[in-house]
Amino acid sequence: MRITDTLSGEKVPLQPLAPDGVVRLYVCGVTPYSEAHVGHALHAIVFDVLRRYLEWRGFRVRHVQNFTDIDDKLIERANRLGVDMASLAGQNIESYLAQIKRMNVFPATEYPRVTAMVPQIIAFISGLIEKGFAYPSGGDVYYRVRRKGDYGKLSHRNIDDLLSGARIDPTELKDDPLDFALWKGAKPGEPAWDSPWGPGRPGWHIECSVMARETLGDQIDIHGGGADLVFPHHENEIAQTEAFTGKAPFAAIWMHNALLQLGAEKMSKSLGNLVTIDEALEQYGPDALRMFVLGSHYRSPSTYSDEALEAARAGAERLREAAFADDPAVTGRADAPSDSRERFIAAMDDDLNTPRALAVLFDLARDVNRGRAEGRDVSEPRALLRELAGVLGLTLAAAPAKAQEAAPFIDLLIAVRSDLRAGKQWALSDRIRDGLAELGVELKDGPEGTAWTAR
RNA sequence: GGCGCCGUGGCCAAGUGGCAAGGCAGAGCUCUGCAAAAGCUUCACCGCCGGUUCGAAUCCGGCCGGCGCCUCCA
């Protein structure tokens, strides 16, 4: 499998670095200061599909996703709400994990948190100081950006161009305006940990360097995250880690998903233009959300809209019908096996080309429907359809049967309607069908009776 | 200002040198008491201009339009 690597800009073959052959995947997770939105859902789904696919292909995967539960915004919001940072973070983490589950996203192998790694972070920073890559200053510790010549290599920036950006905080504590904080001395009202430099807390980027190293080692196979993290977060991470370990590359592949747009702009917490995961799930369900995400390549930005989600929902429904509708009596022979499996693999191997992979599923669905209509045995393509849908994390489950308790009554109405139909009482039988439709229950008359689905 | 991405049918979206995948929506037909579902058929010459080539959506140059990052952010 080949994956586009942000650092080199090329599609790079994935070959596990470690002798045990385990793929080490580190994904930058969320900062749990507020509810997650569908942009986070996209991110979670993309890496979930990567992991499912790799495992399906026989790789073992260690998938680590962090929670940055020490953070400026977290502190700010906790203070505003009058709660402590840990419980605010805990709450949001809990609801994120619940959403992940509802989206049929596999839980990561491990979810490290910054608050549980402070000693390791302090040790890491101390190491950087010893090696001359960092320096304490006024209770803070800063990373010396110009010490190594390759700063900027990930985001393809020239270090001197960054200065002209002029958005840099001109702190007198820094030797160079581009230097960034590894450790921030405590201010009043902030949670703090003891350190050799006085009470304080980790800066923003250091935690990922430490958590990745603690959980996966000095060098990893894939480091993932949203495209908005390339600079400065991942740029700083790669600098710190490679400075500390003296080994490169820190990650063989840097994989970044494009950001979700809402309307003309990216969806983001700071812009306030967002749709939460709960809202999307409530309205369209997990498969529709996933179909929407997989319908475009992970590196091209897509735009969230009701139209797009509705189309995705309809597509998921089509696959579901093909994969799970009851079979009529088989009268013909089975179809010859298709090359669908190979086409699916070829698509996914090529930088996780999920739109092409989905096209294979739709082709299979057509094969199944056609074979079924012609009375052939479709068990083989149907089994493959289910298998591949599973690799993409689609449940193809019927919409949650809200009408579960109403089922006996619906069945009764259907039975009455069948009698009416037998007596050609069309007006009455249609009234039942239309009435149920208004209640969200759809009837389908087939040769073997009437089936219903509730929405 | 610097770095980068994108512009394919009504909507969404693959395709990066050789007859333009797939989905949604639409139209016609089959099936159906009528529907629904399903099947079949149908629907594009790829932002504009120029160049390279036997041949370009696909390579090169220019232009127009949209977006991202450079600041907390998946």
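Here is how names work: the chains are called A, B, and so on, in the same order as the sequence lines, proteins then strands, and each is numbered from 1. Just so you know, these numbers use all the heavy atoms, side chains as well, and skip hydrogens, waters and symmetry mates.
Side-chain proximity of A/Phe231 to the nucleotides B/A74, B/G22, B/C69 is greatest for B/C69. Residue A/Phe362 places its side chain closer to B/G23 than to any other of B/G23, B/G68, B/G15. The side chain of A/Asn257 sits closest to B/A74 out of B/G33, B/A21, B/A74. Here the nucleotide nearest the side chain of A/Arg370, chosen from B/G39, B/C69, B/A36, is B/G39. Distance from the side chain of A/Ser300 is smallest for B/A14 among the nucleotides B/C3, B/G22, B/A14. Listed nucleotides B/C69, B/A21, B/A13 differ in distance to A/Ser296; the shortest reach to its side chain belongs to B/A13. The side chain of A/Arg366 lies closest to B/C40, out of B/C69, B/A74, B/C40. The side chain of A/Glu307 sits closest to B/C11 out of B/C11, B/C69, B/A37.
At a threshold of 4.0 angstrom between heavy atoms, the contacts of A/Arg431 with the nucleic acid are absent. A/Asn369 comes within 4.0 angstrom of the backbone, heavy atoms only, and of no base. Using a 4.0 Å heavy-atom criterion, one finds that A/Ala308 contacts no nucleic acid atom at all. Using a 4.0 Å heavy-atom criterion, one finds that A/His256 contacts no nucleic acid atom at all. No engagement by A/Asp434 is indicated, since no non-hydrogen atom pair under 4.0 Å with the nucleic acid exists. Looking at heavy-atom distances under 4.0 Å, A/Gly446 makes no contact with the nucleic acid at all. Using a 4.0 Å heavy-atom distance criterion, A/Lys424 is classed as making no nucleic acid contact. Counting non-hydrogen atoms under 4.0 angstrom, A/Arg157 reaches a base of the nucleic acid. Residue A/Arg433 is in base contact, counting any heavy-atom pair closer than 4.0 Å across all strands shown. Residue contacts shown for A/Ala311 are limited to sugar-phosphate atoms, with no base heavy atom under 4.0 Å away.
Separating the C1' atom of B/U52 from that of B/G61 is a span of 11 Å, rounded to the nearest Å. Comparing the same atom, P, in B/A27 and in B/G62 gives a spacing of 46 Å after rounding to whole Å. Between the P atoms of B/A20 and B/C24, the separation comes to 22 Å (whole Å). Atom name C1', nucleotides B/U42 and B/A74: the rounded distance is 42 Å, in whole Å. Of the P atoms belonging to B/C46 and B/A57, the separation is 7 Å, rounded to the nearest Å. Using P as the reference atom, B/G47 and B/U41 are 29 Å apart when rounded to the nearest Å. With both ends at atom P, the span from B/A21 to B/C69 equals 35 Å, rounded to whole Å. Taking atom P in both B/G15 and B/C6, one finds a spacing of 11 Å when rounded to whole Å.
Counting to the nearest Å, the P atom of B/C34 and the CG atom of A/Asp430 are 11 Å from each other. In this structure, A/Leu361 places its CG atom 16 Å from P of B/A14, rounding to the nearest Å. Distance, A/Glu235 CD to B/G4 C1': 14 Å, rounded to whole Å. Following rounding to the nearest Å, A/Leu289 (CG) and B/C12 (P) show an atom-to-atom distance of 18 Å. If you take CG of A/Asp351 and C1' of B/U16, they are 14 Å apart, rounded to a whole angstrom. Atoms NE2 (A/His40) and P (B/C72) sit 15 Å apart, rounded to a whole Å. Between the P atom of B/A36 and the CZ atom of A/Arg417 lies a distance of 13 Å, rounded to the nearest Å. Spacing between atom CG of A/Leu309 and atom P of B/A13 amounts to 13 Å, rounded to whole angstrom units.
Within 3.5 Å, no donor on the side chain of A/Arg356 pairs with an acceptor on the base of B/G22, nor the reverse. Put simply, the side chain of A/Asp445 and the base of B/C31 share no donor and acceptor less than 3.5 Å apart.
Under 4.0 angstrom from either OP1 or OP2 of B/G15 there lies at least one side-chain N or O belonging to A/Asn353. Phosphate contact (OP1/OP2 of B/C34, side-chain N/O of A/Ser429, threshold under 4.0 Å): absent. Within the 4.0 Å cut-off from OP1 or OP2 of B/A36, not a single side-chain nitrogen or oxygen of A/Arg318 is found.
Ring geometry for A/His223 against A/Tyr26 counts as tilted: the plane angle lies between 30° and 60°, on a 0 to 90° scale.
By the 6.0 Å and 45° rule, A/Arg157 stacks over the aromatic ring of A/Phe231. By the 6.0 Å and 45° rule, A/Arg146 does not stack over the aromatic ring of A/Tyr151.
Two rings, from A/Phe67 and A/Tyr111, have their centers less than 6.0 Å apart.
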Which is it for A/Met85 and A/Tyr33 under the side chain to side chain contact (heavy atoms under 4.5 Å, CB included) test, yes or no, and what are the steps along the way? CA-CA 9 Å; A/Met85 185 180 75; A/Tyr33 73 85; over 6 Å; no

Assess the residue pair A/Asp84 and A/Leu88 against the criterion (side chain to side chain contact (heavy atoms under 4.5 Å, CB included)); give the C-alpha distance rounded to whole Å, side-chain angles, the decisive distance to 0.1 Å, and a yes or no. CA-CA 6 Å; A/Asp84 66 65; A/Leu88 175 62; over 6 Å; no

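Position along RNA chain B of the nearest nucleotide to A/Ser302 versus A/Ala359 favours A/Ser302 as the more 5'-ward residue. Nearer to the 5' terminus of RNA chain B, by closest-nucleotide assignment, is the contact made by A/Ser155 (compared with the other of A/Ser155 and A/Lys444).
Side chain to side chain, A/Asp278 and A/Thr276 fail the donor-acceptor criterion of an N or O pair below 3.5 Å.
A salt bridge is defined here as a Lys NZ or Arg NE, NH1 or NH2 lying under 4.0 Å from an Asp or Glu carboxylate O, and A/Glu321 with A/Arg318 fails to meet this definition.
With both pairing distances under 3.5 Å, B/G10 is matched to B/C24 as a Watson-Crick or G-U wobble pair. Across all strands shown, the partner of B/G1 is B/C70, judged by Watson-Crick or G-U wobble contacts whose two distances both fall under 3.5 Å. Under the Watson-Crick or G-U wobble criterion, with both distances below 3.5 Å, B/U32 is left unpaired in every strand shown.
For the pair A/Asp351 (side chain) and A/Asn353 (backbone), a donor-acceptor distance under 3.5 Å is absent.
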